[in-house]
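Scope of the values below: all heavy atoms of this structure, side chains included, with no hydrogens, waters or symmetry mates.
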Amino acid sequence: MLSAFAQVFRTPELRKKLAFTLGILVIFRLGATIPVPNVNYQALAAAAGAVTSNEATAGMYAMINLFSGGALLRLSIFALGIMPYITSSIILQLLTVVIPRLDALKKEGSSGQQKITQYTRWLTIVLAVLQATSFTMLAVSGKMFNTTTQVVYSSDLFPIIVMILTMTAGTSIIMWLGELITDRGIGNGMSVLIFTQIVAQFPTGMWEVRLNWVGNKGILIFCVVLAVGLLVMAGVVFVEQAQRRIPVQYAKRMVGNRLMGGSTTYIPIKVNQSGVIPIIFASSILYLPVLYALFNPTGRGATWITNNLAGKGDGLWYNVLYLVLIVFFCFFYVAITFNPKEVSDNMAKYGGFIPGIRAGQPTENYLSYVLSRLTAPGSLYLAVISLIPTLALVFLGASGKFPFGGTSLLIIVGVGLDTVKQIESQLHQRHYEGFLR
């Protein structure tokens, strides 16, 4: 593996792609630390430190700040992070099922996909304007940190508009940076940016482990936390790589003067077919009432939301709703992304069949049966992974955050595996040995 890793830097094209990707990530992290105009950075840092150190409000701000890599609490240029793009992508994916025009564009191939990508960009800008306006007004009014300290220098209209436009422009730049990584770098650009935001928070989480556990329980707890994290990461890698391969055989047929077909292949169906999307969906749904409580802390139900849905993650209602939403969205997402009827029709169109299964409706029923049998354990696996921080709080008696959180761990492992596979495919094209054997 080390020799294969060395080959990456010996290959000029791969070396340039890696350097380009790292340069984009440096720019991305730099933009996450530069505050927008009109922000009193000293007052902002003091207010953010107060709410994150308070156990009653730490969970709420950790949930809000999850995918921004700490940029949101700094009100930086890239404060909104990648979330507007993720939200717009999810919305377009869901609308593709219910709007025939979008479904037709999806089936048109690359030209239709470019059109859907353009719609996603415009929707991202709209969502960015709405979110930038919301967070700017929260910061100006003092409700963002529930403090009387002014975190902005001026509350006039023009400075507020400049703050909103700067955050929106930051989101546009993030989209552009992600597409640059996809086109000229290594890996999927947006996924790599999410990976970077989450990894940027990891040293802080490890430092909190040292502060909260080492002094109370000794170095043994610290080692147990690291061992549990590595064990869970190995389990995630194993499950993410697991798949059910359904054999497909193609009959021989004459095309012109040539005999085609007669090959055997398979349909790979992963145990976790939906990836991390159900957890993102569930987190987004639970994020809405938390955002309502942040906007209207004295409103009806705000106290219940703060106590049960915005704590440190060990509340009964929070975990029950979280698990139910994960299982529901897992089945829902698999249902809209894998169509057994379409797969069956494509197989019949090219003369393919599953050995022992008749073509047509029996093949469709068989694929649906296998898919449901795999989705059930896959959804339970996602639910268990998402409960890791809660289990750590219960069994280890943790008084701080558990750094190996379920959502962040799945994203880190998933993006890491995809990036390694892309590098490996590039190495195989040059007859080098890949990372994975």
Note to self: Could you check whether atom CZ of Arg15 has more than 12 heavy atoms from other residues, nucleotides or ligands sitting under 6.0 Å from it?
What the structure shows: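 Yes.
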Measure from the side-chain N and O atoms of [X] to the backbone N and O of [Y], and report whether any donor-acceptor pair falls under 3.5 Å.
X	Y	answer
Thr182	Gly189	yes
Ser379	Val327	no
Ser191	Gly187	no

So do [Y] and [X] actually touch side chain to side chain, heavy atoms under 4.5 Å?
X	Y	result
Thr33	Phe78	no
Leu92	Leu102	yes
Val271	Gln243	no
Phe331	Thr375	yes
Leu80	Phe135	yes
Asn365	Tyr369	no

Checklist line | Check ion pair Lys349-Glu342 (N to O, under 4.0 angstrom) | finding: no
Next item on the list: Please work out which of the three classes, parallel, tilted or perpendicular, describes the rings of Phe332 and Phe329, given edges at 30° and 60°.
Entry: perpendicular
Check: Looking just at side-chain N and O atoms, do Ser344 and Thr363 make a donor-acceptor pair shorter than 3.5 Å?
Finding: no
